[in-house]
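First listed ligand is number 1; within each ligand, the first listed atom is number 1.
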Amino acid sequence: MSANYSLSARIESMEESATLAMAKKARELKAEGKDIISLSLGEPDFQTPDHIRQAAKDAIDSGKYFSYPPVAGYNELREAIATKLKEENGIPSSPEQIVVSAGAKHSIANVFFSILNPGDEVVVFSPYWVSYAEIIKLAEGTPVYIKGKLENDFKATAEDLAAAITPKTKAIIYSSPSNPTGGVFTLEELESIAAVLKNHPDILVVADEIYELINFSGKHYSMAAIEGMADRTITVNGFSKGFAMTGWRVGYISAPVRIAKACEKMQGQFTSGVNGIAQQASITAIKGDKKASEEMAAAYKSRRKLVLDLLNQIEGIKTYEPKGAFYIFPDVSSFFGKAFKGKTISNANDLSLLLLEEAQVSVVTGAAFGDEDCIRISFAASDEQLKIALGRIKEVLDQLK
Ligand code: PMP
Ligand code: GLU
């Protein structure tokens, strides 16, 4: 007989991460021997650069990093991060404003649990990364979505923001470069958002800049570098994407000191400091040569062209040019209502399942990111894999009638 207990209402009402769920499904099908090409997980297909791996080996051999690390991170890493933010991003920052966490996902969770009270609203620029909404809800906040249009690289505007603000608005969150769309805010766009917030001095900004190093539009701009914004902006960044270090689990924030201290307190009760070896590797990543990161970004840029060229050969798919990250978020709504071998495709969920089953390519439904007309395709895969995958997708979609 199984024990009779219930789980928390909190976990029962929480959505599973759609990106991770799709990756798990693709892994399971592969294990069954199916020839699945996974374009669902946002994960660099490159190895962590050699000099960073060497730093981790050296850290192990030194024998100095086997005990509990300081909760907010080693001082040397916090200093290196603050220096990078000042020199490369123009963000006024100091080591006491930095909290290092187990990935940027953990950083974002710390932030929302530290700033939200029940009923507080957070304006989420949509399409948005899956975990924002669930983290906000878990922290008893209410996400309020403002939606960008494909014609504007899916970027919601300052006007959209102005219309969404209420007396309950506590914060806004966006990612630039964006997951899932690859949209990148220009300086003018960030300034116009800042201008709206000028009239609302109590609203905080959570600026997720984790794709900073994968930017094809030239320059990366940070909200915290805009005049008047530093003392109300929490900049989120990390090592997963730009340095191909997803499994090392190191992310960070730079925040006003009071918020940084709150996040440190939070982390002190939940997880403590991040793995010391990974922190030492991160010091080398942030201070060292960025050539490997630049080469990876160049590869993503050439894959973007490949994927766009191939998608544009599929009738019914609507595309645009992503300016950063390694995702494209095409509109597939023209296929809704059509059928494949008698099975009607009603929405993006159906379409992504069809592609998994019939094309053996995993993508993620746009519904998970707040747009039911789209699917997310990650191009963090080799040219060869992308060509085969897009070929298979075309073959299936061409048969929809
Ligand atoms: N923000 C965005 C927009 C992301 O795509 C990711 C990727 N998972 C994260 C944060 C979290 O990254 P990590 O926890 O691997 O640092
Ligand atoms: N951020 C990546 C993605 O969107 C990794 C998976 C996750 O943590 O959601 O696919």
Could you check ligand 2 for N or O atoms lying under 3.5 Å from protein N or O atoms and list the pairs with distances?
residue: ligand 2; atom: 1 (N); partner: Trp129; partner atom: NE1; Å: 3.4
residue: ligand 2; atom: 1 (N); partner: Lys241; partner atom: NZ; Å: 3.3
residue: ligand 2; atom: 4 (O); partner: Trp129; partner atom: NE1; Å: 3.2
residue: ligand 2; atom: 4 (O); partner: Asn179; partner atom: ND2; Å: 2.9
residue: ligand 2; atom: 4 (O); partner: Arg376; partner atom: NH1; Å: 2.9
residue: ligand 2; atom: 8 (O); partner: Lys105; partner atom: NZ; Å: 2.9
residue: ligand 2; atom: 9 (O); partner: Thr19; partner atom: OG1; Å: 2.6
residue: ligand 2; atom: 9 (O); partner: Trp129; partner atom: NE1; Å: 3.3
residue: ligand 2; atom: 10 (O); partner: Gly42; partner atom: N; Å: 2.7
residue: ligand 2; atom: 10 (O); partner: Arg376; partner atom: NH2; Å: 2.8

Filter the ligand 1-protein atom pairs down to N or O on both sides and distance under 3.5 Å, then list them.
residue: ligand 1; atom: 1 (N); partner: Asp208; partner atom: OD2; Å: 2.6
residue: ligand 1; atom: 5 (O); partner: Asn179; partner atom: ND2; Å: 2.7
residue: ligand 1; atom: 5 (O); partner: Tyr211; partner atom: OH; Å: 2.6
residue: ligand 1; atom: 8 (N); partner: Lys241; partner atom: NZ; Å: 3.4
residue: ligand 1; atom: 14 (O); partner: Ala104; partner atom: N; Å: 3.1
residue: ligand 1; atom: 14 (O); partner: Lys105; partner atom: N; Å: 3.0
residue: ligand 1; atom: 14 (O); partner: Arg249; partner atom: NH2; Å: 2.8
residue: ligand 1; atom: 15 (O); partner: Ser240; partner atom: OG; Å: 2.7
residue: ligand 1; atom: 15 (O); partner: Arg249; partner atom: NH1; Å: 2.8
residue: ligand 1; atom: 16 (O); partner: Ala104; partner atom: N; Å: 2.6
residue: ligand 1; atom: 16 (O); partner: Ser240; partner atom: OG; Å: 3.2

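The ring-ring contact (aromatic ring centres under 6.0 Å, His included) pairs that include a residue from residues 143-172 are Tyr128-Tyr145, Phe154-Tyr320, Phe154-Phe329, where partners are two or more places apart or lie in different chains. Pairs engaging residues 272-292 under the salt bridge (charged side-chain N to carboxylate O under 4.0 Å, His left out) rule: Glu76-Lys287, Lys291-Glu295 [sequence neighbours left out].
Salt bridge status for Glu358 with Lys343: absent, with no side-chain N to carboxylate O gap under 4.0 Å. Using a cutoff of 4.0 Å between basic side-chain nitrogens and carboxylate oxygens, Glu134 and Lys137 are scored as salt-bridged. A salt bridge links Glu32 to Lys34: at least one charged side-chain nitrogen sits closer than 4.0 Å to a carboxylate oxygen.
In this model, a donor atom of one side chain and an acceptor atom of the other lie less than 3.5 Å apart for Asn312 and Thr319. Counting only N and O atoms by type, the side chains of Gln313 and Asp309 include no donor and acceptor under 3.5 Å apart.
Arg376 places no side-chain N or O within 3.5 Å of a backbone atom of Phe369 that could act as its donor or acceptor partner.
Between Glu209 and the options Ser222, Ser175, Ser176, Ser254, a side-chain hydrogen bond (donor to acceptor under 3.5 Å, both in side chains) holds for only Ser222.
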